[in-house]
Amino acid sequence: MSSPPLVSVIIPTHNYGRFLPEAVRSVLRQKADNLDVEIIVVDDGSTDNTQDVAHAMLRDIVYVRQQKSGVSTARNTGIQKARGDFVVFLDADDVLMEEVLSTHLGMFAKHPHLDMSLCRCFDYHTHGSDGANCLWPLMRGYWNIHICCANVAPLHCFMLREKVIRQAGLFNVSLTGCEDYEYWLRCFSTGCRAGLAAEGLVIYRRHQTSTTANRQHMLLHEVSLRSLMANMLDSSNLTDSQEKLGGWLALASGCLNLASQVTFCKAFAFKMQDMFVRALQEAERLYASSKGSNADLRCIQRYYPAQAIKTAGLMAEDLTPDAINAVKLLVNRYPHFAECSAAELDSQISAMSQHLQVSGIPGVLQRFAASGS
């Protein structure tokens with residue numbers, strides 16, 4: 001009888017001793033007849049009680065302490081220690097819900113050609129953080145396209161085969177934000193294929209000390225990734241021409257949206273408008289070969305132009321001459337969106353979004369809400 005697959009769960013932590021036990025417990029309860037887990041906790045130079053907390057759990061975890069070097073270095077340390085057939089990354093302040101690892105493995109068993117699995121995420125805002133509790137909007141597929149607009153899911157929604165780690169390499173230690181986004185871009189650029197484990201759920205705890213709470217910091221790092229997205233789309237290993245068209249349109253929409261948000265740095269705002277122009281120029285070259293695409297691709301090829309036209313209308317006075325000309329090309333391709341009222345355009349974007357996203361609420365989330373956690 002073969003042994004169950006081993007899942008390595010890598011937990012970096014810095015001064016999160018108060019959260020760490022719950023994160024570890026959430027992994028331990030994943031153990032079952034069909035899987036085993038190893039928990040690798042990498043303490044990135046904590047100065048709180050993290051070391052004492054970890055020592056109390058040494059029976060259940062592999063504990064590594066290093067000088068403070070950043071979360072990417074901590075994850076890389078965990079990768080180098082991992083022995084599993086599959087890898088999951090979990091930040092110390094987040095939680096895996098029941099049977100999520102089994103759900104991922106079930107997806108891999110049904111689709112052995114896939115390299116990564118994505119599950120659902122619930123944004124859980126603690127006292128003092130901005131925002132409302134909600135399910136993260138997750139697309140049903142074509143993540144290699146959607147990631148050209150924005151990150152497709154939080155880090156701990158993914159399970160990766162060990163071979164993906166070998167192909168993609170380590171996390172980029174020069175980044176202090178969006179390092180997970182950059183990592184998924186590299187994974188998809190190598191041709192990784194992903195599947196959906198829709199019933200799996202993770203909890204993304206939002207609080208005042210979260211790294212993502214610094215919105216400007218995250219936006220500036222996202223700007224720096226746009227050239228990488230363009231390089232990914234240029235790669236013949238990634239997509240066929242129909243998917244590339246969707247990717248360039250997604251990139252164009254994402255760049256224009258970023259330009260509207262980084263107004264605190266005009267140089268970056270103009271850089272994003274230039275990238276918006278380039279992405280639409282690349283899309284123009286692909287329209288002739290986009291006929292015959294399936295319903296989801298046709299929806300994607302309308303969804304992102306509609307979003308871009310909406311954003312352009314909101315920032316009309318701030319558009320560069322080149323960006324204005326690019327918007328005119330987009331309007332010529334999609335005159336219906338330009339002729340809609342703002343309310344009608346919002347309605348159409350919402351309908352397309354609902355078509356492309358995963359619907360329904362995982363049963364485990366209903367139980368989580370009922371428990372009052």
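This one's a predicted model, so the numbers in the text were calculated from it and none came from an experiment.
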*Asks:* Would Asp296 and Arg140 pass as an ion pair if we require N to O under 4.0 Å?
*Replies:*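 Salt bridge present between Asp296 and Arg140.
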*Asks:* Can you tell me how far the CE atom of Met229 sits from the CD atom of Glu222, to the nearest 0.5 Å?
*Replies:*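 Rounded to the nearest 0.5 Å, the CE-CD separation comes out at 6.0 Å.
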*Asks:* Could you walk me through whether Asn294 and Tyr142 pass the side-chain contact (heavy atoms from CB on, under 4.5 Å) test, one step at a time?
*Replies:* CA-CA 12 Å; Asn294 63 39; Tyr142 288 110; 2.8 Å; yes
*Asks:* Is there a donor-acceptor pair under 3.5 Å between the side chain of Asp48 and the backbone N or O of Gly17?
*Replies:*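 Yes; judged by distance alone, with no hydrogens or angles, the pair exists.
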*Asks:* Inspect the contact between Glu22 and Arg25 and indicate whether a charged nitrogen and a carboxylate oxygen are less than 4.0 angstrom apart.
*Replies:*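 Looking at Glu22 together with Arg25, the answer is no, because their closest N to O distance does not fall below 4.0 Å.
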*Asks:* Once rounded to the nearest 0.5 Å, what's the spacing between atom CZ of Arg120 and atom OG1 of Thr103?
*Replies:*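 One gets 12.5 Å once the value is rounded to the nearest 0.5 Å.
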*Asks:* Cation-pi check for Tyr287 against Arg333: NZ or CZ below 6.0 Å from the six-membered ring centre and within 45 degrees of the axis, yes or no?
*Replies:*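 Arg333 over Tyr287 ring: yes.
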*Asks:* In this structure, is the centre-to-centre distance between the rings of Tyr204 and His156 below 6.0 Å?
*Replies:*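 His156 vs Tyr204: aromatic centres under 6.0 Å.
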*Asks:* Which residue is it: Trp143, Phe171, Phe158? I am looking for the one with a ring-ring contact (aromatic ring centres under 6.0 Å, His included) to Trp184.
*Replies:* Phe158
*Asks:* In terms of heavy-atom contacts, does CG of Asp33 have more than 12 from other residues, nucleotides or ligands at under 6.0 Å?
*Replies:*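 12 or below, so no.
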*Asks:* Using a 3.5 Å distance criterion without hydrogens, assess whether the side chain of Asp43 forms a donor-acceptor pair with backbone atoms of Ser46.
*Replies:*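 It does hold such a pair.
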*Asks:* So, the side chain of Glu282 versus the backbone of Trp248: is there a donor-acceptor pair under 3.5 Å, distance only?
*Replies:* no
*Asks:* Would you confirm whether Gln301, through its side chain, and Gln242, through its main-chain N or O, come within 3.5 Å as a donor-acceptor pair?
*Replies:* yes
